[in-house]
There are 2 protein chains.
Amino acid sequence: MLTIKQVAERTGLTPYTLRYYEKIGVLKMQQRKDSGARVYTESDVKLIQCLCGLKKLGMSLEEITEFFRDGCVLEKIEQGEDISKLTPSLKRRTDILTKHLQELEKKREELDNIIFLTKEKLVMYDELSQNKQSFATRARIV
Amino acid sequence: MLTIKQVAERTGLTPYTLRYYEKIGVLKMQQRKDSGARVYTESDVKLIQCLCGLKKLGMSLEEITEFFRDGCVLEKIEQGEDISKLTPSLKRRTDILTKHLQELEKKREELDNIIFLTKEKLVMYDELSQNKQSFATRARIV
DNA sequence: TTACAATTTAGAGTCGACTTGAAGTCAAGC
DNA sequence: GCTTGACTTCAAGTCGACTCTAAATTGTAA
């Protein structure tokens, strides 16, 4: 049983961020102390660490919310739940990851093109400053 | 001599955006009609089109402001200014582009890594849903 | 002449993902 | 009993890049 500060330290997030994630529905903590203070389990920490992993994959909090809609799958397996029962959850997650992967690969293509265009522009300015001022070059420079 | 609306049409920006760019100092238009309305030249349009090109390269408005600090180089060449006098301007621009290119290539490396990690995660969920639940796999799944 | 379109300005609103501030509650130590 | 520190909530502020609103002014056509 951990406090918000301990979870923040373990995950590299701040308590502010953890509360914010709960507010927008990415995390849904149910347990509270009598005082109202949040109580976290080791499962929660694992889930939050996975969340951080997904963030590093460039997923938005909206995508991540959808990804974790049905909570911590590993916890359910450990509690003896049959994997066949979890198949829909797992399928949804692979679907989200697949879709995200496609977006990433599209982004890479765009980035490759941008890099090509930047190099092209660089060549133009280089040529101009070396006085090789062909019309073709000058026409595209401002 | 063009109006803001005409320039917006030619460049694909909106009049709002053009005024905004002027407000934050990316563009510095000096000419005005007696009524106070902005007046744009063909040179201005070329510069704004180049600005849009730099945006497509992923440059921030801050970087672009610095890039265009000394206005329209082509215009100066057309007005007969010696290229040797423009060398500092051109060098500054190639420097900015080179720095930007380095950032882009770093971004591509990061993206490649993210794609690799996403594929890895995808494999883990796939294996789990196919019931090949090795400990190594389960340990990294939530 | 009056209506309408296009422009101007300052300032506010939008997005996502936090980040912080203010004010209040609660448990532990002196 | 009182202070300190950690927690709570709600609301507001931040960032970059727009996007829009409102109110005023100018230019043009019927």
Side-chain angles (χ1 to χ4, degrees), chain A residues 1-41 44-45 48-68 96 100 103-104 107 114, chain B residues 1-41 44-45 48-68 96 100 103-104 107 114:
Chain A
M1 293 308 154
L2 304 155
T3 68
I4 197 166
K5 201 182 173 193
Q6 291 170 320
V7 174
E9 275 159 16
R10 286 227 204 329
T11 58
L13 301 173
T14 68
Y16 296 134
T17 308
L18 286 167
R19 283 190 283 260
Y20 168 69
Y21 283 177
E22 214 177 313
K23 187 158 89 183
I24 64 167
V26 182
L27 296 176
K28 317 160 195 55
M29 314 310 303
Q30 57 282 73
Q31 253 191 297
R32 293 286 178 114
K33 280 189 196 164
D34 288 351
S35 66
R38 288 163 179 82
V39 170
Y40 296 81
T41 67
D44 293 330
V45 173
I48 292 163
Q49 282 166 345
C50 181
L51 188 163
C52 293
L54 295 177
K55 264 206 312 174
K56 281 190 191 125
L57 303 186
M59 274 174 72
S60 68
L61 292 180
E62 206 180 337
E63 285 177 294
I64 294 174
T65 303
E66 178 60 11
F67 192 91
F68 285 132
I96 291 170
H100 183 65
E103 281 159 19
L104 289 176
K107 234 183 230 176
I114 284 170
Chain B
M1 293 308 153
L2 304 156
T3 68
I4 197 165
K5 202 183 174 191
Q6 291 170 320
V7 174
E9 276 159 15
R10 284 227 205 327
T11 58
L13 301 173
T14 67
Y16 295 134
T17 307
L18 287 167
R19 280 185 217 110
Y20 168 70
Y21 282 177
E22 214 176 315
K23 189 156 88 181
I24 63 165
V26 183
L27 297 175
K28 317 158 194 54
M29 313 311 301
Q30 55 284 71
Q31 253 190 297
R32 292 288 178 113
K33 280 189 196 163
D34 289 351
S35 66
R38 287 164 181 82
V39 170
Y40 296 81
T41 67
D44 293 330
V45 173
I48 293 163
Q49 281 166 345
C50 182
L51 189 163
C52 293
L54 295 177
K55 264 205 313 173
K56 281 189 190 127
L57 302 186
M59 273 173 73
S60 68
L61 292 180
E62 206 181 336
E63 284 178 293
I64 294 175
T65 303
E66 179 61 10
F67 192 90
F68 286 132
I96 291 169
H100 184 65
E103 281 160 19
L104 289 175
K107 233 182 231 176
I114 285 169

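This one's a predicted model, so the numbers in the text were calculated from it and none came from an experiment. Reckoned from all heavy atoms, side chains included, excluding hydrogens, waters and symmetry mates. Proteins get letters first, then strands, A, B, ... in listed order; numbering begins at 1 in each.
- When all heavy atoms of A/C52 and A/T11 are compared, the pair lying nearest together is SG-O, 3.9 Å.
- Here the CE atom belonging to B/M1 is positioned 8.5 Å from the CG atom belonging to B/D44, to the nearest 0.5 angstrom.
- Not one N or O on the side chain of B/H100 forms a donor-acceptor pair closer than 3.5 Å with the backbone of B/L54.
- Between the CG atom of A/L18 and the C1' atom of D/dT9 there is a distance of 16 Å, rounded to whole Å.
- Residue B/E22 contributes atom CD, which lies 11 Å from atom P of C/dA10 at whole-angstrom precision.
- Between B/R38 and the phosphate of C/dT8, there is a side-chain N or O to OP1/OP2 separation shorter than 4.0 Å.
- Residues A/K5 and B/K33 both approach DNA chain D. Their nearest nucleotides, taken by heavy-atom distance, put A/K5 toward the 5′ side.
- Between the side chain of B/E9 and the backbone N or O of B/Q6 there is no donor-acceptor pair closer than 3.5 Å.
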A correct 5'-to-3' footprint of nucleotides 13-30 of chain C, with B, S and - meaning base, sugar-phosphate only and no protein heavy atom under 4.0 Å, is ----BBBB-----S----
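- Counting non-hydrogen atoms of other residues, nucleotides and ligands closer than 6.0 Å to NZ of B/K56 gives a total of 12 or fewer.
- Each end of the helix from C/dT1-D/dA30 to C/dC30-D/dG1 gets its own axis from five base pairs, and the two axes differ in direction by 40°, given to 10 degrees.
- One atom, CD of B/E63, and another, P of D/dA17, lie 9 Å apart when rounded to the nearest Å.
- Taking each heavy atom of A/L104 and A/L57 in turn, the nearest pair found is CD2-O, 3.8 Å.
- If you measure from atom CE of A/M1 to atom C1' of D/dC7, you get 18 Å, rounded to the nearest angstrom.
- When all heavy atoms of A/K28 and A/F68 are compared, the closest pair comes out as NZ-O, 4.2 Å.
- Going from atom CD of B/E9 over to atom P of C/dA6 covers 10 Å, rounded to whole Å.
- The backbone N or O of A/E63 sits nowhere less than 3.5 Å from a side-chain atom of A/E66 that would complete a donor-acceptor pair.
- The phosphate of D/dT9 (OP1 or OP2) has no side-chain N or O of A/R19 nearer than 4.0 angstrom.
- With sequence neighbours excluded, no residue forms a ring-ring contact (aromatic ring centres under 6.0 Å, His included) with B/Y20.
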